[in-house]
Number of protein chains: 2
Amino acid sequence: MAEGGKPKRDTYRHGDLRNALIKAGLELAREGGPEAVVLRAATRHAGVVPNAAYRHFADRAALLHAVSQAAMAEAARTMEAEQAALPPADDPVAAARARFRAVGTGYLRFAQEQPGLFRAAFHVPGDMAHAAAETAAGAGGRTPFELLGAALDDLVETGLLPEDRRPGAEFLAWSAVHGLAVLLIDGPLRGLHPTQAQDAGRHVIDMIERGI
Amino acid sequence: MAEGGKPKRDTYRHGDLRNALIKAGLELAREGGPEAVVLRAATRHAGVVPNAAYRHFADRAALLHAVSQAAMAEAARTMEAEQAALPPADDPVAAARARFRAVGTGYLRFAQEQPGLFRAAFHVPGDMAHAAAETAAGAGGRTPFELLGAALDDLVETGLLPEDRRPGAEFLAWSAVHGLAVLLIDGPLRGLHPTQAQDAGRHVIDMIERGI
DNA sequence: TCCGAATGTGGACATCGTACACAAGGGTGG
DNA sequence: CCACCCTTGTGTACGATGTCCACATTCGGA
């Protein structure tokens with residue numbers, strides 16, 4: 001009787017299971033966040049038996065970690081795009097400042113446009129120090145953290161940020177922007193109109209510039 | 001054969017199951033965060049069959065929500081204690097400023113001392129607007145958010161904060177402090193020595209005061 | 001060509017959330 | 001004082017999940 005119309009593969013080997021699982025996990029995370037990235041669902045999506053995943057990942061946590069890295073890379077890409085979309089400025093000081101702000105607005109835009117991925121990206125399965133891993137980098141080869149660091153360095157170079165305030169500045173900036181992102185996607189500011197959210201973003205970045 | 005030595009109750013009714021479940025959930029959350037608050041584990045802990053929970057909570061999410069509220073109340077208590085421990089100051093301006101900072105340091109202290117509860121408190125099961133519910137209040141009857149709001153009001157009253165900057169200020173402050181808390185408990189700043197963490201906290205609060 | 005290392009399959013188990021039917025007991029109207 | 005019923009706890013059951021173990025299939029090199 002009418003065999004299942006599933007897009008089952010004909011070769012015994014899958015060929016690229018690892019990446020297929022990450023991709024599937026990414027889709028699951030996109031809607032539903034980290035807790036939605038379910039091992040069995042991912043393997044199902046890849047047309048493979050659940051256990052096959054264990055040939056490529058130690059356990060669900062390992063898969064989730066890989067998905068998280070991929071999500072971070074997408075965040076980095078959004079941030080890079082935000083910078084790239086900046087109108088060309090001849091004043092290098094203004095340019096550095098604009099690039100710095102773009103890091104923040106790009107981060108916030110990603111959080112709002114892809115809340116599931118955002119949550120997955122910074123879900124921190126007990127080890128987020130890997131925010132520096134190259135698997136988390138965007139097209140330019142930089143992770144979100146590195147993008148922020150570079151923008152801050154530019155601020156120092158152009159004299160916008162006193163050198164003695166540079167150390168640890170990424171943590172101040174990241175704290176504020178990340179906190180707002182959380183407020184926006186599932187805190188009391190959830191469901192804020194995009195324009196208002198943008199306003200809030202500007203306010204927070206203003207605060208950072210003033211207070212850093 | 002030696003019947004189980006479990007502290008099983010002799011009355012058919014439990015008497016206070018709802019609270020017992022919340023308490024058990026709180027213990028589970030204390031170590032392990034929100035995902036550790038497992039319905040069956042809580043009922044087991046209360047010496048009751050799993051389904052009994054459904055007489056008091058619609059589902060696991062409802063239980064988790066109650067636990068979250070309780071955790072928030074504990075956060076509020078920590079923050080109140082931080083304020084109460086302030087040395088008495090005769091200068092009302094300095095006092096207002098100190099109370100404001102204590103809100104932030106109390107919040108950060110709670111995050112570091114009780115990371116599991118902290119995560120559970122602000123886990124946001126899709127509806128965190130209830131940060132105002134009275135079940136989330138501390139001994140003084142105020143939730144963490146309300147404590148922050150009151151501290152900001154004091155800043156305005158004492159002239160430390162221009163009135164036109166007051167609206168929305170809680171979100172700026174909350175963003176920065178909450179962001180740092182996340183960085184500290186499971187971000188790149190995890191495992192920072194308590195003294196250094198305190199330094200970081202001071203820096204962030206400095207930034208807020210300057211930039212708010 | 002043959003064999004071992006990779007990779008995928010099948011079956012099984014413990015645990016979890018939750019639904020449904022049933023039992024026990026406490027409060028209340030008669 | 002007692003019978004009834006509503007509340008609360010129990011038993012049994014189901015589907016889903018993560019993961020373990022033994023087995024099958026295939027690929028790549030000696």
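Proteins get letters first, then strands, A, B, ... in listed order; numbering begins at 1 in each.
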Distance in Å, A:Phe100 CZ paired with A:Thr105 OG1, rounded so as to fall on 0.5 Å steps
10.5 Å
Any idea which of C:dG17, D:dT19, D:dT10 is nearest the B:Tyr54 side chain?
C:dG17
Starting at atom CG of B:Asp59, determine the distance to atom C1' of C:dC16, rounded to an integer number of angstrom.
14 Å
Sidechain N-carboxylate O distance under 4.0 Å for B:Arg142, B:Glu80
no
Ring center gap for A:Phe171 and A:His178 short of 6.0 angstrom
no
With a 4.0 Å cut-off, would you call A:Glu35 and A:Arg119 a salt bridge?
no
N or O in side chain of B:His56 less than 4.0 angstrom from D:dT7 OP1/OP2:
no
May I have the distance from A:Leu63 (atom CG) to D:dT17 (atom P), rounded to whole angstrom?
14 Å
Using a heavy-atom cut-off of under 4.0 Å over every strand shown, decide if A:Arg60 touches base, sugar-phosphate, or nothing.
sugar-phosphate
Might you list the N or O atoms of the protein lying below 3.5 Å from N or O atoms in nucleotides 21-23 of chain C, with each pair's distance?
| unit_1 | atom_1 | unit_2 | atom_2 | d |
| --- | --- | --- | --- | --- |
| C:dA23 | N3 | B:Tyr12 | OH | 3.2 |

Separation of B:Asp16 atom CG from D:dT7 atom C1', in whole Å?
15 Å
Do the ring planes of B:Trp174 and B:Phe145 sit parallel (below 30°), tilted (30 to 60°) or perpendicular (above 60°)?
tilted
Do you know the tightest heavy-atom contact between A:Ala29 and A:Val67?
CB-CG1, 4.2 Å
Scan B:Arg18 against the nucleic acid and name what it touches under 4.0 Å (heavy atoms): base, sugar-phosphate only, or nothing.
nothing
Exercise answer: donor-acceptor pairs, residues 45-59 of chain A side-chain atoms, under 3.5 Å, sequence neighbours excluded:
| unit_1 | atom_1 | unit_2 | atom_2 | d |
| --- | --- | --- | --- | --- |
| A:Asp59 | OD1 | A:Ala61 | N | 3.3 |
| A:Asp59 | OD1 | A:Ala62 | N | 3.0 |

B:Leu17 CG to C:dG25 C1', in whole Å, measures 15 Å
Check whether any side-chain nitrogen or oxygen of B:Arg13 sits under 4.0 Å from OP1 or OP2 of C:dG27, and answer yes or no.
no
What's the closest nucleotide to the side chain of B:Ala52 if the choices are D:dG9, C:dT18, C:dG10?
D:dG9
B:Arg40 CZ to D:dT10 C1': how many Å, rounded?
13 Å
Figure out the CG/P separation between B:Leu64 and C:dG17, and round it to whole Å.
11 Å
Please pick, from C:dT18, D:dT10, D:dG18, the nucleotide with the shortest atom-to-atom distance to any side-chain atom of B:Arg9.
D:dT10
In whole angstroms, the gap separating P of D:dG18 from CG of A:Leu21 amounts to 12 Å
In whole angstroms, the gap separating P of C:dG8 from CG of A:Leu39 amounts to 13 Å
